[in-house]
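What follows is one structure encoded as structure tokens, with my remarks underneath.
Residue numbers begin at 1 in each chain, while the letters A, B, ... track the order of the sequences.
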Amino acid sequence: MNELETILKEAVAQAYEKAFHAVIATDDIVIEIPKDQSHGDYACNIAMKSAKALHQNPRVIAQQLVEALDCPQIAHCEIAGPGFMNFTMNKDTMRNVIDVVLAAGDDYGKNDSGAHRKVNVEYVSANPTGDLHLGHARGAAWGDSVSRIMQASGYDVCREYYVNDAGNQIHTLALSLMARYLQEFGIEKELPEDGYYGKDVINIAKAIKEQYGDAYVKQDEMIAYAFFREQGIQLELDKLRRDLDLFRVHFDVWSSELSLHESGKVEAVLEKLHDLGHTYEQDGALWFRSSAFGDDKDRVLRKSDGSYTYLVPDIAYHITKFERGFDLLVNLWGADHHGYIPRMKAALQAMGKNPDQLEVDIIQMVRLVDNGEEVKMSKRTGNAVTLRELCEEVGVDAVRYFFVQRALDTHLDFDLTLARKQSNDNPVYYAQYAHARICSILRQVTDVKSCPSYELLEDAKEIQLLKYINEFPGVVQDAAKLRSPNKVCNYIQKLAAYFHSFYNACKVIDPTNEELSAQRLALLKATKITLKNALALIGVEATEKM
RNA sequence: GUCUACGUAGCUCAGUUGGAUAGAGCAUGCGCCUUCUAAGCGCACGGUCGGGGGUUCGAAUCCCUCCGUGGACGCCA
């Protein structure tokens with residue numbers, strides 16, 4: 001919501017009270033920009049909404065509201081269609097946005113709708129057993145953008161990565177790494193059946209060979225295993241951090257599963273669930289009565305061989321998040337984990353926490369498409385396309401933009417053929433080009449200042465651009481609330497389109513009209529600031545030259 | 001089979017507390033550079049919003065049902 005919409009809402013609310021002697025909440029009043037420009041600058045549908053309650057024809061209600069309306073920013077108001085009120089604003093009011101943007105600069109778009117609520121956003125959290133693939137890339141781009149947007153909206157955001165450094169998969173990693181290491185010395189050694197066949201494990205084996213030579217070829221197997229286990233985690237994590245860094249994704253907290261075991265927090269969960277009477281023994285295993293908390297069946301906590309299922313440390317982990325005092329926990333999970341939500345919430349509730357504080361956003365699958373055909377990725381052959389390769393091939397900006405422009409719940413096809421082209425088919429170039437074009441014009445002048453008046457900005461394209469710049473803070477707020485960075489992408493595309501359209505219609509620097517030039521330059525700078533701030537929210541560079 | 005998402009133009013997709021004639025990009029066709037970046041702009045073409053029923057002043061949006069697609073249904077993580 002921007003300033004003008006707030007003003008309009010309040011004006012409508014006052015008119016409503018005056019005309020009908022009834023109070024209406026400003027939150028119930030919807031102000032929107034009509035698709036059709038001939039319907040004015042803003043429209044309100046409150047007359048139709050309240051037709052039932054007031055037992056009157058919507059057009060009659062609208063008429064009474066218009067008569068009661070008292071707002072200096074409104075030039076005039078028309079009643080249209082079934083009962084819409086179409087507002088046309090004073091042009092000077094609309095033009096004010098230029099000075100607002102120039103004064104705010106990098107802060108334009110920021111808002112305090114988050115009210116300093118403490119939010120934990122956990123994303124990626126890929127096991128340190130391989131390279132990041134397309135699904136992780138989508139999660140990384142999305143989670144990072146959501147964090148940026150929420151931060152800009154006044155939330156207190158903590159970005160977190162949960163490292164599964166304790167489960168079976170780490171055992172398998174150690175064995176895989178050991179085998180690759182021995183292979184480096186020409187020793188025939190099979191990887192385990194479900195081993196990790198990726199290039200990354202081979203590279204790590206090489207690095208270990210580089211540093212330690214053949215010291216672990218004839219080493220005692222137990223000692224060697226411990227060594228490869230520890231080194232594997234460390235080197236895999238180092239690589240993950242480097243790749244994410246390249247992708248402009250950074251975390252505030254890296255949580256370790258192993259440390260939860262070592263500190264006794266995992267054990268404590270089991271004890272507490274037992275003490276509360278939410279567990280029972282059956283077939284030699286210990287079960288959690290999760291069906292009592294909305295799950296469709298009960299879950300095993302401790303297997304008959306005495307080891308824990310993944311659920312136990314996961315509960316312990318989420319409890320630590322509660323202990324750290326977050327108001328909201330946001331998790332980004334792959335679609336293959338969506339069935340896991342009810343049992344996690346059940347566990348939190350059983351542990352005495354409010355499960356509604358946990359909100360899980362599901363990332364739909366990404367398919368890799370090349371030459372019109374799906375590329376099947378095989379864990380066995382390790383042929384999956386990695387995040388790093390993707391960034392090197394098409395650039396970080398394009399990859400980030402690609403993953404964030406679509407809603408999270410759509411199945412996404414990543415078209416490699418298209419991405420490889422590195423051409424203007426990619427929407428990110430369209431927005432970056434707009435920014436570069438603006439920079440090119442601004443380079444021709446020494447300084448752009450706020451103007452005493454913007455009355456010469458009268459072209460329809462200028463007004464359209466102005467109006468849309470004015471929308472930005474509302475878009476950011478909306479994107480934060482719905483955790484939908486794609487809304488920002490849509491905004492960027494439209495803002496760029498309005499700019500390009502304006503550019504073609506109006507010559508910015510007009511030597512014959514200094515005053516008009518100054519006003520247009522100010523509009524241009526406001527556009528540049530808005531565009532740059534919007535791109536920053538999704539971690540994309542605002543290019544100065546192309 | 002059960003659960004859970006999704007289905008909008010030839011293709012990829014916007015469209016959120018239900019609003020006015022359903023929108024972009026790509027592709028196709030036609031225009032626009034002696035003028036600030038043509039990676040651009042303008043115009044045209046393109047639709048049973050998966051099918052059917054319901055709710056109401058009004059439905060792509062909400063409800064039911066059917067069809068199709070993905071995913072999940074483990075003492076794996």
Side-chain angles (χ1 to χ4, degrees), chain A residues 27-28 30 32 34-36 38-39 43-45 48-49 51-52 57-58 80-84 86 127 129 164 166-170 172 194 257 282-287 296-297 299-311 313-314 334-342 362 364-365 367 369 372 405-413 415 418 422-434 436-445 461 478 481-482 484 486-487 489-490 493-494 496-497 499-511 517 520-521 524 543 545-546:
Chain A
D27 285 348
D28 292 334
V30 177
E32 56 181 10
K35 277 176 261 177
D36 190 335
S38 69
H39 290 145
C44 181
N45 65 355
M48 290 175 293
K49 288 241 173 209
K52 202 169 270 178
N57 182 306
F84 286 100
N86 293 338
N127 288 340
T129 56
N164 288 103
N168 273 335
Q169 74 283 358
I170 297 302
T172 307
D194 56 349
E257 177 189 350
Q282 191 183 308
D283 305 327
L286 184 73
W287 294 71
D296 32 318
K297 52 183 154 186
R299 308 290 171 179
V300 170
L301 296 172
R302 194 182 57 224
K303 298 179 249 177
S304 49
D305 68 1
S307 65
Y308 297 153
T309 62
Y310 58 95
L311 184 58
D314 260 18
D336 53 340
H337 283 66
H338 88 264
Y340 186 50
I341 299 172
I362 291 300
Q364 276 303 332
M365 295 290 170
R367 287 197 320 160
V369 176
Q405 71 173 333
R406 303 292 179 223
L408 203 60
D409 56 13
T410 57
H411 306 125
L412 186 65
D413 283 346
D415 188 337
L418 185 78
Q422 206 161 353
S423 71
N424 51 343
D425 291 343
N426 199 314
V428 72
Y429 290 114
Y430 183 77
Q432 289 181 322
Y433 182 59
R437 251 183 165 177
I438 295 172
C439 290
S440 164
I441 299 173
L442 292 178
R443 271 194 292 273
Q444 297 181 29
V445 297
K461 302 290 187 190
D478 215 32
K481 188 178 159 205
L482 300 168
S484 300
N486 55 316
K487 303 241 175 233
C489 283
N490 293 340
Q493 285 303 303
K494 211 164 162 186
F499 162 71
H500 284 308
S501 183
F502 155 73
Y503 178 90
N504 270 267
C506 307
K507 178 129 169 101
V508 177
I509 299 174
D510 181 350
S517 299
R520 283 187 171 160
L521 280 166
L524 209 64
T543 326
K545 276 183 187 172
M546 284 175 84

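- Counting any heavy atom pair closer than 4.0 Å across all strands shown, A/Ala285 reaches a base atom.
- Among the nucleotides B/rG18, B/rC75, B/rC36, the one closest to any side-chain atom of A/Lys49 is B/rG18.
- Two residues are said to be in side-chain contact when any heavy atoms from C-beta on lie closer than 4.5 Å; A/Tyr503 and A/Ile438 fail this criterion.
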> Going 5' to 3' along nucleotides 1-8 of chain B, which nucleotides have protein heavy atoms under 4.0 Å from the base (write B), which only from the sugar-phosphate (write S), and which from neither (write -)?
Replying inline: ---SSS--
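- A stacking contact between A/His337 and B/rA72 is absent: the pair does not combine a ring-centre distance of less than 5.5 Å to the base's six-membered ring with planes differing by less than 30°.
- Along RNA chain B, the nucleotide closest to A/Asn486 and the one closest to A/Pro82 are compared, and the more 5′ of them pairs with A/Asn486.
- Mapping A/Cys439 and A/Tyr308 onto RNA chain B by nearest heavy atom places A/Cys439 closer to the 5' end of the strand.
- Regarding A/Tyr310, its OH atom lies at a distance of 7 Å from the C1' atom of B/rA77, rounded to whole Å.
- When the P atom is used for both B/rG50 and B/rU12, the distance is 14 Å, rounded to whole Å.
- No engagement by A/Asn57 is indicated, since no non-hydrogen atom pair under 4.0 Å with the nucleic acid exists.
- Contacts of A/Tyr340 classified as ring pair (Phe, Tyr, Trp, His ring centres under 6.0 Å), with partners at least two apart in sequence or in another chain: A/Tyr310, A/Trp333.
- When distances are taken from the side chain of A/Tyr429 to each of B/rA39, B/rC73, B/rC76, the shortest belongs to B/rA39.
- Taking only side-chain nitrogens and oxygens, A/Lys487 comes nearer than 4.0 Å to OP1 or OP2 of B/rG15.
- Two residues are said to be in side-chain contact when any heavy atoms from C-beta on lie closer than 4.5 Å; A/Thr172 and A/Thr129 fail this criterion.
- For A/Ser440, whose side chain is taken as the heavy atoms from C-beta onward, the closest listed nucleotide among B/rA77, B/rC36, B/rC75 is B/rC36.
- Taking atom C1' in both B/rU21 and B/rC62, one finds a spacing of 23 Å when rounded to whole Å.
- Counting any heavy atom pair closer than 4.0 Å across all strands shown, A/Cys44 reaches no nucleic acid atom.
- As rounded to the nearest Å, B/rC41 and B/rC36 have C1' atoms that lie 15 Å from one another.
- Considering only the side chain of A/Met365, B/rG70 comes nearest among B/rC75, B/rU37, B/rG70.
- Rounding to whole angstrom units, OH of residue A/Tyr340 and C1' of B/rA77 are separated by 8 Å.
- In this model, the phosphate group of B/rG74 is approached by a side-chain N or O of A/Lys297 to a distance below 4.0 Å at OP1 or OP2.
- B/rG47 and B/rU56 have their C1' atoms separated by 25 Å, given to the nearest Å.
- Atom CZ of A/Arg406 is separated from atom C1' of B/rA14 by 8 Å (rounded to the nearest Å).
- If you take CG of A/Asp305 and P of B/rG74, they are 18 Å apart, rounded to a whole angstrom.
- Across all strands shown, A/Ala43 has heavy atoms under 4.0 Å from base atoms, whether or not it also approaches the sugar-phosphate.
- Contact between the side-chain N/O atoms of A/Gln444 and the OP1/OP2 oxygens of B/rU37 is found at a separation under 4.0 Å.
- In this structure, A/His337 has no side-chain hydrogen bond (donor to acceptor under 3.5 Å, both in side chains) partners at least two apart in sequence or on a different chain.
- For B/rA39, its base never sits under 3.5 Å from the side chain of A/Tyr433 at any donor and acceptor pair.
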Hey, what are the protein-to-nucleotides 41-44 of chain B N/O distances that come in under 3.5 Å?
{"unit_1": "B/rC41", "atom_1": "OP1", "unit_2": "A/Tyr430", "atom_2": "OH", "d": "2.4"}
{"unit_1": "B/rC41", "atom_1": "O4'", "unit_2": "A/Asn504", "atom_2": "ND2", "d": "2.9"}
{"unit_1": "B/rG42", "atom_1": "OP1", "unit_2": "A/Ser501", "atom_2": "OG", "d": "3.4"}

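- Taking atom C1' in both B/rG46 and B/rA5, one finds a spacing of 30 Å when rounded to whole Å.
- B/rC49 adopts an anti glycosidic conformation, its chi angle falling more than 90° from 0.
- Residue A/Lys303 places its NZ atom among more than 12 non-hydrogen atoms of other residues, nucleotides or ligands, all under 6.0 Å distant.
- Within 4.0 Å (heavy atoms only), A/Lys545 reaches at least one base atom of the nucleic acid.
- With sequence neighbours excluded, no residue forms a side-chain hydrogen bond (donor to acceptor under 3.5 Å, both in side chains) with A/Lys49.
- Heavy atoms of A/Asn45 sit under 4.0 angstrom from at least one base atom.
- Counting heavy atoms from C-beta outward, A/Gln364 and A/Leu412 have side chains that stay 4.5 Å or more apart.
- Between A/Leu442 and A/Leu521, some side-chain heavy-atom pair lies under the 4.5 Å cut-off.
- Atom pair A/Leu521:CG and B/rC36:C1' shows a separation of 10 Å (rounding to whole Å applied).
- With contacts defined as side-chain heavy-atom distances shorter than 4.5 Å, the pair A/Ile362/A/Ile341 qualifies.
- Taking the side chain of A/Lys507 as heavy atoms from C-beta on, and the options B/rA20, B/rA77, B/rU35, the nearest nucleotide is B/rU35.
- Atom pair A/Gln493:CD and B/rC13:P shows a separation of 15 Å (rounding to whole Å applied).
- Between A/Leu524 and A/Phe502, some side-chain heavy-atom pair lies under the 4.5 Å cut-off.
- Put simply, CD1 on A/Ile170 is 12 Å from P on B/rA77, counting in whole angstrom units.
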> Dot-bracket for RNA chain B: what is it, with Watson-Crick or G-U pairs under 3.5 Å, [ ] where a pair crosses earlier ones, and | for a pair to another strand?
Replying inline: (((((((..((((.....[...)))).(((((.......))))).....(((((..]....))))))))))))....
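- Side-chain N/O atoms of A/Asp296 and base N/O atoms of B/rA72 include no donor-acceptor pair closer than 3.5 Å.
- For the pair A/Arg437/A/His500, a side-chain contact is recorded, criterion being any heavy-atom separation below 4.5 Å from C-beta on.
- Here, B/rA22 and B/rC67 have their P atoms 31 Å apart, quoted to the whole Å.
- In this structure, A/His39 places its NE2 atom 15 Å from P of B/rG19, rounding to the nearest Å.
- Distance noted for atom C1' between B/rG71 and B/rC75: 23 Å (whole Å).
- B/rG10 and B/rG29 have their C1' atoms separated by 15 Å, given to the nearest Å.
- With contacts defined as side-chain heavy-atom distances shorter than 4.5 Å, the pair A/Asn486/A/Gln405 does not qualify.
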